Amino acid sequence: MSIKPATRISQVTPSMTLAISAKAKAMASSGLDVCSFSAGEPDFDTPTHIKVAAQRALDAGKTKYGPGLGEPRLRELIAHKLRTENQLNYTAENIMVTNGGKHSLFNLMMALVEPGDEVIIPAPYWLSYPEMVTLAGGTPVIVATDGSCKITAAQLRQAVTPKTKLFVLNSPSNPTGRVYTPSEVQALASVVIDMDLTVVSDEIYEKILYDDAVHQSIGSINGDVLSRTVISSGFAKAYSMTGWRVGYLAAPLDLIKAASKVQDHSTSNVCTFAQYGAIAALEGDQSCVEAMRFAFAQRRQVMLDRLNTLPGLTCPKPEGAFYLFPNIQETGMNSLDFCNALLEEQQVAVIPGIAFGTDSHIRLSYATDLPTIEKGMDRLEKFIYSRQ
Ligand code: GLU
């Protein structure tokens with residue numbers, strides 16, 4: 001007898017970022033020399049002071065259930081960070097600590113989206129957004145963007161219908177690395193007000209910016225926008241804490257109360273001693289964040305320069321995050337065939353653009369060391385020339 005899963009499960013696809021990175025890791029542990037540019041996971045170890053704080057918390061017996069919304073000190077610190085760095089007028093009451101940024105988005109979708117509700121998602125998008133909307137019973141409305149990969153105010157306005165519940169904004173973007181300028185954010189905020197929308201701003205990459213790019217949170221435009229804004233973020237990318245699973249949702253109080261019901265009945269609190277690591281991350285010296293950002297900037301340049309010498313590939317210079325998103329259309333391959341063949345023939349793992357809503361691109365994460373980047377680019381070059 002086979003046990004039949006719920007229909008909602010057949011409506012979603014498995015996470016390709018997780019599947020391909022797991023495959024690359026498995027190939028590597030079976031002895032193959034794999035260059036993985038798959039998951040967006042910084043290669044750096046978590047900074048020592050953060051690990052020490054969690055170890056101390058463990059030794060001090062911080063091993064019990066904690067408040068579902070998070071450790072009070074951590075909620076205070078997150079609210080303080082959002083007030084002082086992002087001009088978002090939150091207090092600790094507006095914060096829910098979650099099991100990573102992904103979980104904060106999932107809690108939000110479950111708390112907000114009803115069957116029939118539409119959620120506007122600009123493409124290219126991070127692959128879990130539409131699937132979370134579907135799991136919550138809603139309908140993802142994918143809006144294709146132009147070469148800038150950013151939704152314009154006019155496109156957003158046009159996508160709104162009476163069923164629109166939420167607009168998903170992600171800057172810096174995964175998978176494109178593009179960053180919305182303050183005036184673009186301002187224009188989108190005007191549509192949010194005019195069309196009476198709620199916006200969730202996924203700001204997980206806000207610390208990873210290059211050149212003169214700036215991150216402006218949409219909720220900072222004014223109080224009216226803030227009352228319609230939800231912020232999703234976490235510690236994984238900026239502090240290299242991917243496996244810790246600590247993120248947060250910031251929102252008006254009623255929505256936090258609603259989302260906390262989802263969390264209380266599904267996971268309860270986030271791992272107590274991991275939250276002490278996050279406290280140390282916010283209280284401690286921020287030079288570790290800058291050191292990692294500096295390394296990413298170098299890697300971005302090396303990978304970009306190599307990519308743009310390859311026939312058939314074109315890649316703009318992204319302003320943030322740690323991804324390159326080249327167009328591969330001129331190679332004549334679709335993104336899945338390209339990625340499968342590259343992994344098979346050259347043991348280089350990248351993610352097909354189709355997972356992010358465009359079949360003419362691939363995504364490469366450069367959150368890995370320079371020798372791996374150089375070796376992977378040598379192999380990619382061989383792959384491309386083998387098809388000329
Ligand atoms: N967010 C990262 C990525 O896009 C990690 C994998 C995932 O959660 O999808 O690669």
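In this chain, residues are counted from 1 in sequence order. Below, all heavy atoms of this structure are taken into account, side chains as well, without hydrogens, waters or symmetry copies. These numbers come from a predicted model, not from an experiment. Both counts, for ligands and for their atoms, begin at 1 and track the order of listing.
Within ligand 1, counting atoms from 1 as listed, the ones closer than 4.0 Å to a heavy atom of R363 are 3 (C), 4 (O), 10 (O). When each atom of ligand 1 is checked for a heavy atom of L18 under 4.0 Å away, the hits are 6 (C), 7 (C).
Within the structure, ligand 1 lacks E41 among the residues with a heavy atom less than 4.0 angstrom away. For the ligand labelled ligand 1, residue A39 lies inside the 4.0 Å heavy-atom shell.
Remark: aromatic rings of Y205 and Y323 are close, center separation under 6.0 Å. Aromatic ring centres of F322 and F296 lie closer together than 6.0 Å.
Closest to atom 5 (C) of ligand 1, if we only count protein heavy atoms, is K237 NZ, 3.8 Å. Protein heavy atom in closest approach to atom 9 (O) of ligand 1: T17 OG1, 2.6 Å. Nearest non-hydrogen protein atom to atom 8 (O) of ligand 1 is K102 NZ, 2.9 Å.
Contacts between N174 and ligand 1 below 4.0 angstrom, taking non-hydrogen atoms only, involve the side chain exclusively. In Y323, the part holding a heavy atom less than 4.0 Å from any atom of ligand 1 is the side chain. Within the 4.0 Å heavy-atom criterion, neither part of I351 lies near ligand 1.
Remark: the D305 side chain and the Q301 side chain contain an N/O donor-acceptor pair separated by less than 3.5 Å. Residues K207 and Q286 have side chains that never bring a donor and an acceptor to within less than 3.5 angstrom of each other. For the 3.5 Å distance criterion, the side chains of S173 and S171 fail to qualify, holding no donor opposite an acceptor.
Some N or O of W126 is nearer than 3.5 Å to an N or O of ligand 1, by distance alone.
The aromatic rings of Y239 and F235 sit tilted, their planes meeting at an angle between 30° and 60°.
Of the possible donor and acceptor atoms, none in the side chain of K163 sits under 3.5 Å from a partner among the backbone N and O of G116.
Between D202 and S233 there is no side-chain heavy-atom pair separated by less than 4.5 Å.
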